[in-house]
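Please read the structure below before turning to the comments.
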Amino acid sequence: MTSALVLGGGGIAGIAWHTGVLLGLAESGADMTSADHFVGTSAGSTVAAQVGGGVALDELFRRQVDPGTLVTEFAPPVSMAALLEKLAPIFSAGFDDAERRRKLGEMALATETVDEGVRRQVIAARLAGIDWSERRVDVVVVDAATGDRRVLDRTSGVGLVDAVAASSAVPGVWPPVTIGGVRYVDGGIWSLTNTDLALGHERVLVLAPIVDPSVAAEVAGLGVGVRVEVVSPDAASRQAFGTDVLDPAIREPSARAGLAQGRAEAERIRALLEG
């Protein structure tokens, strides 16, 4: 039976939490790093690339809790409160999903933020020289002009750093990423998890740092007989995230809360893998 690991969006907090949860699971006999297929969206694309590329979980966790590794990160140029205020008119206007995505892309293209090359350096540091592996890793991005989803993998002719940078390009915070003359933004504006991409696997684990209402429908679409478990942050993890999931300062507490939650969830996930 084949398995898929779906890693959803959730900012700096999401990267740290994913890492902690996966390490906690592995330590407790529910190792998901041998999954047949990794689906990464936004924050999840970083971890999917790292784990799919064979980086050990204990090393990834060390990077999250080591203050010395924060030098390659920087705070977003806009506060979460200001971003939510900017997004509110788009989400409250009654647009259908397609038009909402186009409006978010339009906003992203019009926003003055950090230089695209500077942001790329941050992503390159997170990936620490790894490239696409032979394992199946899908990175989800969205065309900023059309709102269409694109799934990038090792056959796409796109560098891993550029793919992850695009998937992590939060509209209104980070610059859209140019790939082949097309500008792409965060895959999370299509779906925070894109769980539907795990279609065809018998065992699916979804880690969702931010709960997306569409997850239930996406899980149902995987078909009858597919075993799926969804893990979202518990109370301690939500407290660790604080009020701004993009703030580098919450990286260590989010990783440690994820580690504890992974250990607590291990029995349930072992049952998924063994059932």
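Computed from a prediction, not measured in an experiment: that's the story for all the values here. Along the sequence shown, the residues carry numbers beginning at 1.
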Item to check | Candidate pair Ser191 and Glu218, rule side-chain hydrogen bond (donor to acceptor under 3.5 Å, both in side chains), full reasoning | outcome: CA-CA 9 Å; Ser191 160; Glu218 291 177 355; 2.8 Å; yes

Checklist entry - Step by step, would you call Leu104 with Leu87 a side-chain contact (heavy atoms from CB on, under 4.5 Å)? => result CA-CA 8 Å; Leu104 288 169; Leu87 294 175; 3.6 Å; yes

Checklist entry - After noting the C-alpha distance and the side-chain angles of Asp36 and Arg136, does the key distance pass the salt bridge (charged side-chain N to carboxylate O under 4.0 Å, His left out) rule? => result CA-CA 7 Å; Asp36 300 287; Arg136 186 176 178 189; over 6 Å; no

Next on the checklist: Val158 vs Val141, test: side-chain contact (heavy atoms from CB on, under 4.5 Å). Steps then yes/no.
Outcome noted: CA-CA 12 Å; Val158 176; Val141 301; over 6 Å; no

Next on the checklist: The test is salt bridge (charged side-chain N to carboxylate O under 4.0 Å, His left out); show your working for Arg227 and Glu202 and say whether it passes.
Outcome noted: CA-CA 6 Å; Arg227 293 281 303 279; Glu202 294 90 350; over 6 Å; no

Next on the checklist: Quick one, Arg102 with Glu106, criterion salt bridge (charged side-chain N to carboxylate O under 4.0 Å, His left out). Give me CA distance, side-chain angles, the key distance, then yes/no.
Outcome noted: CA-CA 6 Å; Arg102 286 192 290 271; Glu106 183 180 290; over 6 Å; no

Checklist entry - Can you list the steps and then say if Val6 with His37 is a side-chain contact (heavy atoms from CB on, under 4.5 Å)? => result CA-CA 8 Å; Val6 177; His37 182 189; over 6 Å; no

Item to check | Step-by-step side-chain hydrogen bond (donor to acceptor under 3.5 Å, both in side chains) determination, Ser3 to His201 | outcome: CA-CA 5 Å; Ser3 61; His201 297 286; over 6 Å; no

Checklist entry - Hey, mind stepping through Asp196 and Arg149 against salt bridge (charged side-chain N to carboxylate O under 4.0 Å, His left out) and telling me if it holds? => result CA-CA 12 Å; Asp196 61 299; Arg149 180 172 73 172; 2.8 Å; yes

Item to check | Test side-chain contact (heavy atoms from CB on, under 4.5 Å) applied to Glu85 and Met80, step by step | outcome: CA-CA 9 Å; Glu85 184 177 345; Met80 183 58 66; over 6 Å; no

Item to check | Derivation of the side-chain hydrogen bond (donor to acceptor under 3.5 Å, both in side chains) call for Thr113 and Thr111 | outcome: CA-CA 6 Å; Thr113 181; Thr111 299; over 6 Å; no

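The ring pair (Phe, Tyr, Trp, His ring centres under 6.0 Å) search around Phe91 returns none, not counting sequence neighbours. A search for salt bridge (Lys or Arg N to Asp or Glu O under 4.0 Å) contacts involving Glu252 returns Arg256, not counting sequence neighbours.
Contact between Ala240 and Ala257 at its shortest, heavy atoms only, is CB-CB, 3.9 Å. Between Ala198 and Ala4, the closest heavy-atom pair is CB-CB, 3.8 Å. Nearest approach of Asp66 to Arg251, heavy atoms of both residues: O-NH2, 3.0 Å. In this structure, Thr19 and Val47 approach most closely via the heavy-atom pair OG1-CG2, 4.2 Å. A pairwise comparison of heavy atoms in Arg135 and Thr33 identifies NH2-O, 2.6 Å as the closest pair. Thr72 and Thr69 make their closest contact through OG1-O, 3.2 Å (heavy atoms, listed as atom of the first residue, atom of the second, distance).
No donor-acceptor pair under 3.5 Å is formed between the side chain of Asn194 and the backbone N or O of Leu197. With Arg203 contributing its side chain and Leu273 its backbone, the two residues share no donor-acceptor pair below 3.5 Å. In this structure a side-chain-to-backbone donor-acceptor pair under 3.5 Å is present from Asp212 to Leu192. Under a 3.5 Å cut-off, the side chain of Gln261 and the backbone N or O of Ser232 do form a donor-acceptor pair. Judged by distance alone, the side chain of Ser42 and the main-chain N or O of Gly44 form no donor-acceptor pair under 3.5 Å. Using modelled atom types, no side-chain atom of Ser168 and backbone atom of Ala165 make a donor-acceptor pair closer than 3.5 Å. Checked by atom type and distance alone, the side chain of Ser167 never pairs as donor or acceptor with a backbone atom of Ala163 at under 3.5 Å. Judged by distance alone, the side chain of Ser79 and the main-chain N or O of Ala82 form a donor-acceptor pair under 3.5 Å. With hydrogens and angles ignored, the 3.5 Å screen pairs a side-chain donor or acceptor of Asp96 with a backbone N or O of Glu99.
Going from atom OG1 of Thr46 over to atom NE2 of His18 covers 9.0 Å, rounded to the nearest 0.5 Å. Atom CG of Leu152 and atom OH of Tyr184 lie 7.0 Å apart (nearest 0.5 Å). From Ser133, atom OG reaches atom CZ of Phe38 across 8.0 Å, with rounding to the nearest 0.5 Å. Separating the CZ atom in Arg154 from the CG atom in Asp138 is a distance of 11.0 Å, to the nearest 0.5 Å. Here CG of Asp247 is found 11.0 Å from CD of Glu73. Values are rounded to the nearest 0.5 Å. To the nearest 0.5 Å, atom CG of residue Asp58 and atom CG of residue Leu22 are 12.5 Å apart.
Ile12 has its side chain within reach of Ile250: a pair of non-hydrogen atoms, C-beta onward, lies under 4.5 Å apart. Leu7 places none of its side-chain heavy atoms less than 4.5 Å from the side chain of Val39. The side-chain heavy atoms of Pro171 and Ile189, taken from C-beta on, include a pair separated by under 4.5 Å.
In the hydrophobic clustering of this structure, Val230 groups with Val204; members are Ile, Leu, Val, Met, Phe, Trp, Tyr whose side-chain heavy atoms approach within less than 4.5 Å, directly or through other members. Transitive grouping of hydrophobic side chains (ILVMFWY, heavy atoms separated by less than 4.5 Å) brings Val122 and Val173 into a common cluster. Under the 4.5 Å side-chain contact rule for hydrophobic residues, Val170 and Phe241 share a cluster. Both Leu60 and Val139 sit in one connected hydrophobic cluster of ILVMFWY residues. Membership requires side-chain heavy atoms under 4.5 Å apart, directly or through other members. Leu5 and Val140 are assigned to two separate hydrophobic clusters, defined by single-linkage of ILVMFWY side chains at heavy-atom distances under 4.5 Å.
Between Phe74 and Trp174, the angle of the ring planes goes over 60°, which puts this pair in the perpendicular group of the 30/60° scheme.
Checked against the 6.0 Å centroid threshold, Phe61 and Trp17 do not count as a close aromatic pair.
Using a 4.0 Å cut-off between charged side-chain N and carboxylate O, Arg270 and Glu229 make no salt bridge. Between Glu116 and Arg119 there is no salt bridge, since none of the side-chain N atoms of the basic residue sits less than 4.0 Å from a carboxylate O of the acidic one. By the 4.0 Å N-to-carboxylate-O rule, Asp143 lies too far from Arg150 to be salt-bridged with it.
Between Leu25 and the choices Asp31, Leu205, Leu259, the side chain to side chain contact (heavy atoms under 4.5 Å, CB included) rule is met once, by Leu205.
A donor atom on one side chain and an acceptor atom on the other are found under 3.5 Å apart for Arg183 and Thr178.
Within 6.0 Å of atom CD in Gln239, 12 or fewer heavy atoms from other residues, nucleotides or ligands are found, so the atom counts as exposed in its surroundings.
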